[in-house]
Trainee: 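One structure follows; several queries about it will come next.
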Protein chains: 2
Amino acid sequence: MTAAHVHHPDLTRNQSLVYDVLNGSDAPLSAYSILDALRGEGFRAPLQVYRALEKLRAYGLVHRLESLNAFVACSHPDCAGHETAGFAICEKCGKVSEFAEERIAAPIRDWAKREGFVLAGSMIELRGLCRDCREG
Amino acid sequence: MTAAHVHHPDLTRNQSLVYDVLNGSDAPLSAYSILDALRGEGFRAPLQVYRALEKLRAYGLVHRLESLNAFVACSHPDCAGHETAGFAICEKCGKVSEFAEERIAAPIRDWAKREGFVLAGSMIELRGLCRDCREG
DNA sequence: TCGGGATGTGTTATGACATAACATAACGAA
DNA sequence: TTCGTTATGTTATGTCATAACACATCCCGA
Ligand SMILES: [Zn+2]
Ligand SMILES: [Zn+2]
Ligand SMILES: [Zn+2]
Ligand SMILES: [Zn+2]
């Protein structure tokens, strides 16, 4: 970890290490993969990873992909804003594209309003082939 | 199991038992909960449940809720049609409402088309409070 | 400066979810 | 009948996540 690259005002050492691993990966990582990547830094137990992930998610720096049981760094400059992010997961190469489209979020909010459902959060995950892979 | 109540042309005994348990529940069930519910019918191992669930999902009779690691019976008469179903999960009472809104599905297809992403499936899960619970 | 709560950390053990691998049985078409 | 396909049973293992407890650190107010 280079001290010059600070990701968030209040990241602890463990949080920063976990974030760096995720940010340096071009595919989602499971908590145990992160653990293995950080054994050299002294990590020994899953909870060290899960606790850091919990904070990073609260800060909006990391997202969990429910359909993969895996985690990704947010691809937006300041993620805390976008409530209704979505993810397109390529089933061939494993890469994930994060999007935050008002055209998708708005009709979901509308549906919730019509149904009287108090929306607290949403999960949108698409499966398929990314542009690079569909041709190959 | 009453032989009079047939759910699908080709359901085997195990598949039918699993479906009945899910269909009779008003909240999602984990595979292990289903297993426990069917021990009286001779079920002894998780694979008996998972294999039935796999087929039922392929038939469109059952959905998996990724954010809960749980399963629900499809609430639509003939589910096989709706590609982009969504689920609203109440965090208080646990009930799930399934919806299939073209107004939500269409902008997702549009996004995929613009991005060159070949859409194979989508998962939409909303968290919050259902109408009944938000007042209580 | 001395608490004392809040937060972060380390460690062990356990719980919850899902599948691999192999053997056997049932079924239907050639 | 014979053979491929599908379903099933069983044991063991793999993967993901948290409970419970102890200790350290930090900050702030008495
Ligand atoms: Zn984000
Ligand atoms: Zn790809
Ligand atoms: Zn359905
Ligand atoms: Zn409710």
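Protein chains get the first letters and strands the later ones, always in sequence-line order, with residue 1 at the start of each. Bear in mind that the values here come from a model prediction, so they are computed numbers and not experimental data.
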Trainee: Looking only at side-chain N and O atoms, does B/N14 come under 4.0 Å of OP1 or OP2 in D/dG9?
Mentor: yes

Trainee: Among residues at least two apart in sequence or on other chains, which ones pass side chain to side chain contact (heavy atoms under 4.5 Å, CB included) with A/V62?
Mentor: A/Y19, A/L22, A/L53, A/L56, A/R57, A/F71

Trainee: Dump the intermediate steps for side-chain contact (heavy atoms from CB on, under 4.5 Å) on A/L68 and A/I89, then the final yes or no.
Mentor: CA-CA 9 Å; A/L68 293 176; A/I89 303 165; 4.0 Å; yes

Trainee: Would you please name every residue forming a ring pair (Phe, Tyr, Trp, His ring centres under 6.0 Å) with B/F87, sequence neighbours left out?
Mentor: B/H63

Trainee: Using the closest heavy atom to pick a nucleotide of DNA chain D for each, name whichever of B/P46 or B/T12 lands nearer the 5' end.
Mentor: B/T12

Trainee: Which residues in residues 26-39 of chain B have a heavy atom closer than 4.0 Å to any atom of DNA chain C?
Mentor: B/S30, B/Y32

Trainee: Could you list the residues that satisfy side chain to side chain contact (heavy atoms under 4.5 Å, CB included) with B/K113, not counting sequence neighbours?
Mentor: none

Trainee: Counting N and O atoms only, with roles assigned by atom type, does the side chain of B/Q15 sit under 3.5 Å from a partner on the main chain of B/A52, one being a donor and the other an acceptor?
Mentor: no

Trainee: Does anything in residues 47-55 of chain A reach DNA chain D, meaning a heavy atom under 4.0 Å, and if so which residues?
Mentor: A/L47, A/Y50

Trainee: Could you state the CG-P distance from B/L17 to D/dG9, rounded to the nearest angstrom?
Mentor: 10 Å

Trainee: Name all residues meeting the side chain to side chain contact (heavy atoms under 4.5 Å, CB included) criterion together with A/R39; count only those two or more places apart in sequence or in a different chain, and write none if there are none.
Mentor: A/L35, A/D36

Trainee: With nearest nucleotides of DNA chain D determined for B/R44 and B/N69 from heavy-atom distances, which residue corresponds to the more 5′ nucleotide?
Mentor: B/R44

Trainee: For B/L68 and D/dC16, what is the distance between atoms CG and P respectively, to the nearest whole Å?
Mentor: 18 Å

Trainee: Name all residues meeting the salt bridge (Lys or Arg N to Asp or Glu O under 4.0 Å) criterion together with B/E91; count only those two or more places apart in sequence or in a different chain, and write none if there are none.
Mentor: B/R127

Trainee: Name all residues meeting the side-chain hydrogen bond (donor to acceptor under 3.5 Å, both in side chains) criterion together with B/N69; count only those two or more places apart in sequence or in a different chain, and write none if there are none.
Mentor: B/R64

Trainee: With a 3.5 Å distance limit and no angle check, can you tell me whether B/E41 reaches the backbone of B/L38 through a side-chain donor-acceptor pair?
Mentor: no

Trainee: Kindly write out the residues that satisfy side-chain hydrogen bond (donor to acceptor under 3.5 Å, both in side chains) with B/R109, not counting sequence neighbours, or none if the list is empty.
Mentor: B/E102

Trainee: Which residues pass the side chain to side chain contact (heavy atoms under 4.5 Å, CB included) test with A/L47, sequence neighbours left out?
Mentor: A/Y50, A/R51

Trainee: Check the surroundings of atom CZ in B/R134: do more than 12 heavy atoms from other residues, nucleotides or ligands lie under 6.0 Å from it?
Mentor: yes

Trainee: According to a hydrophobic-cluster definition based on side-chain heavy atoms being under 4.5 Å apart (Ile, Leu, Val, Met, Phe, Trp, Tyr only), do B/M123 and B/F117 belong together?
Mentor: no

Trainee: Below 4.0 Å from chain A heavy atoms, what is the first contacting nucleotide of DNA chain C and what is the last?
Mentor: C/dG8 to C/dT12

Trainee: If the helix axis at each end comes from five base pairs, how far does the helix from C/dT1-D/dA30 to C/dA30-D/dT1 deviate from straight, to 10°?
Mentor: 20°

